[in-house]
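As structure tokens, the structure follows; a few thoughts come after it.
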2 protein chains.
Amino acid sequence: MTTASPGGPRWLTDEEQSVWRAYLHATTLMEDHLDRQLQRDAGMPHVYYGLLVNLSQAPRRRKRMTDLAKDAKITRSRLSHAVARLEKNGWVRREDCPSDKRGQNAVLTDEGYDMLARSAPGHVEAVRQAMFARLSPQQVQSLGEIMQVIATGLQPEDMDADLPWLR
Amino acid sequence: MTTASPGGPRWLTDEEQSVWRAYLHATTLMEDHLDRQLQRDAGMPHVYYGLLVNLSQAPRRRKRMTDLAKDAKITRSRLSHAVARLEKNGWVRREDCPSDKRGQNAVLTDEGYDMLARSAPGHVEAVRQAMFARLSPQQVQSLGEIMQVIATGLQPEDMDADLPWLR
DNA sequence: TCTATCTAGTTAAACTTTCAAGAAAAGGTC
DNA sequence: GACCTTTTCTTGAAAGTTTAACTAGATAGA
């Protein structure tokens, strides 16, 4: 089943199929693992934690909703719901954007920052044990390059810039 | 910030942080991409599609619920909901297990099989374009090894078998 | 047998995500 | 300015997931 009939659908080689299965397997286990770890230790899913981390690294610990959504690779709708939830927890608050009356800033509160400071070490340790402790330096480097290539290929933004046939 | 103070929390090196960001970025983009592709072309999310594929490869195109859940790495509860939905679509049906009166088999119907046959080429093509078309043979091999290592490390089952210090 | 325990699968409720629709402000064009 | 389009963000409903509780049947031990 490795070679496709000419004109028919092209299937993956046996090696590609095996790599694809390993990829799906590993990524779902990883996401489950981190979701549980953070739900247990920080009371929120991984995506929400990522939002707080993102805010914590932004200037003045705040960011426009649209920018945050873009950086975190989620829809604005999803972000609206997420921020509403995090606001209830007291970890984020909204403030009006001075320059654009449509705009909102999501702001990481002190409580949010403290929570992050408390749970970060455990989360980093979980990531290390699940990934970096098991890979050689060469593998780490290789993984970085591979993920970079895949991400670049899937970037939705500014497709035009790479589509000469549309110019 | 690369080196940690002894006794304090160990952080990731700059390279590890960058690799981790690339990993998160690429895997979320990939999952979003495939979810949309399959929602559009097959009318279901990626996980549900994976269940049908799994059934299609099982002997007699059927599998015990618990086994299917284990193989697909999802909870039994999630599978119950998923099968209920796929049953409504006519792609799967349940049948009582003859040997164990508690048991249920999930069975891929002919309609389900046809649907799979129709949508598989497009899905394979999406996977190829997103991943294999962009990686060198060395990178594909490397990715396979890396994902294998990560998955093995996160395997929940039979941890005892690999824990000499518990013996 | 009788009983306790475990396993298979489902269900209800709470929560998260997606999708489509909509309000409000900004930007451009005449 | 008037008009049209775009951008920003929110909302409500539908779909999917999680957690804990629950039923029914299997299993093992006294």
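Because only heavy atoms are used, hydrogens play no part in the values below, and waters and symmetry mates are left out as well, while side chains stay in. Each chain gets a letter, A, B and so on, in the order the sequences are listed, and its residues count up from 1. This structure is a prediction, so every number in the text was calculated from the model and none was measured.
- Contact check for B/E31 versus A/E31: no side-chain heavy atoms found under the 4.5 Å cut-off.
- Checked against side-chain contact (heavy atoms from CB on, under 4.5 Å), B/R134 has the following partners two or more places apart in sequence or in another chain: A/V149.
- With sequence neighbours excluded, no residue satisfies ring-ring contact (aromatic ring centres under 6.0 Å, His included) with A/Y48.
- Only A/T66, A/R76, A/S77, A/S80, A/H81, A/R94, listed by number, bring a heavy atom of residues 66-98 of chain A to less than 4.0 angstrom from any atom of DNA chain D.
- B/E145 pairs by the side-chain contact (heavy atoms from CB on, under 4.5 Å) definition with A/Q139, B/Q141, not counting sequence neighbours.
- For the pair B/D35 CG and C/dC19 C1', the computed distance is 14 Å after rounding to whole Å.
- Residue pairs meeting the ring-ring contact (aromatic ring centres under 6.0 Å, His included) criterion with at least one partner in residues 70-122 of chain A, sequence neighbours excluded, are absent.
- Remark: A/E95 pairs with A/R62, A/R93, A/N105, A/V107 by the side-chain contact (heavy atoms from CB on, under 4.5 Å) rule, at least two apart or across chains.
- Counting heavy atoms from C-beta outward, B/L51 and B/L79 have side chains that approach closer than 4.5 Å.
- Taking every nucleotide of DNA chain D with any atom under 4.0 Å from a non-hydrogen atom of chain B, the first and last of them, 5' to 3', are D/dG16 to D/dA26.
- Rounded to 10°, the angle separating the first-five-pair axis and the last-five-pair axis of the helix from C/dT1-D/dA30 to C/dC30-D/dG1 equals 10°.
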Run the side chain to side chain contact (heavy atoms under 4.5 Å, CB included) check on A/M147 and B/V19 step by step: do they pass?
CA-CA 8 Å; A/M147 290 297 143; B/V19 171; over 6 Å; no

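- Contact annotation: the side chain of B/L29 never approaches that of B/H33 to less than 4.5 Å [non-hydrogen atoms, C-beta and beyond].
- Residues A/Q104 and A/Q39 both approach DNA chain D. Their nearest nucleotides, taken by heavy-atom distance, put A/Q104 toward the 5′ side.
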Below 3.5 Å is the cut-off: list the nitrogen or oxygen pairs between protein and nucleotides 23-27 of chain C, distance only.
{"unit_1": "C/dA26", "atom_1": "OP1", "unit_2": "A/K101", "atom_2": "N", "d": "3.4"}

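- In terms of phosphate contacts, B/R64 brings a side-chain nitrogen or oxygen within less than 4.0 Å of OP1 or OP2 of C/dG9.
- Under the ring-ring contact (aromatic ring centres under 6.0 Å, His included) criterion, the residue pairs touching residues 123-152 of chain A are A/H46-A/H123, A/Y49-A/H123, with sequence neighbours excluded.
- For the pair B/M65 and A/M44, both in contact range of DNA chain C, the more 5′-proximal nearest nucleotide belongs to B/M65.
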Residues 65-75 of chain B side chain polar contacts: donor-acceptor under 3.5 Å, at least two apart:
{"unit_1": "B/D71", "atom_1": "OD2", "unit_2": "B/K63", "atom_2": "NZ", "d": "2.8"}
{"unit_1": "B/K73", "atom_1": "NZ", "unit_2": "B/D71", "atom_2": "O", "d": "3.3"}
{"unit_1": "B/T75", "atom_1": "OG1", "unit_2": "B/R78", "atom_2": "N", "d": "3.1"}

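- A donor and an acceptor atom, one from each side chain of B/S142 and A/S142, are located under 3.5 Å apart.
- When the side-chain contact (heavy atoms from CB on, under 4.5 Å) test is applied to B/D100, the partners found at least two apart in sequence or on another chain are B/R64, B/C97, B/R102.
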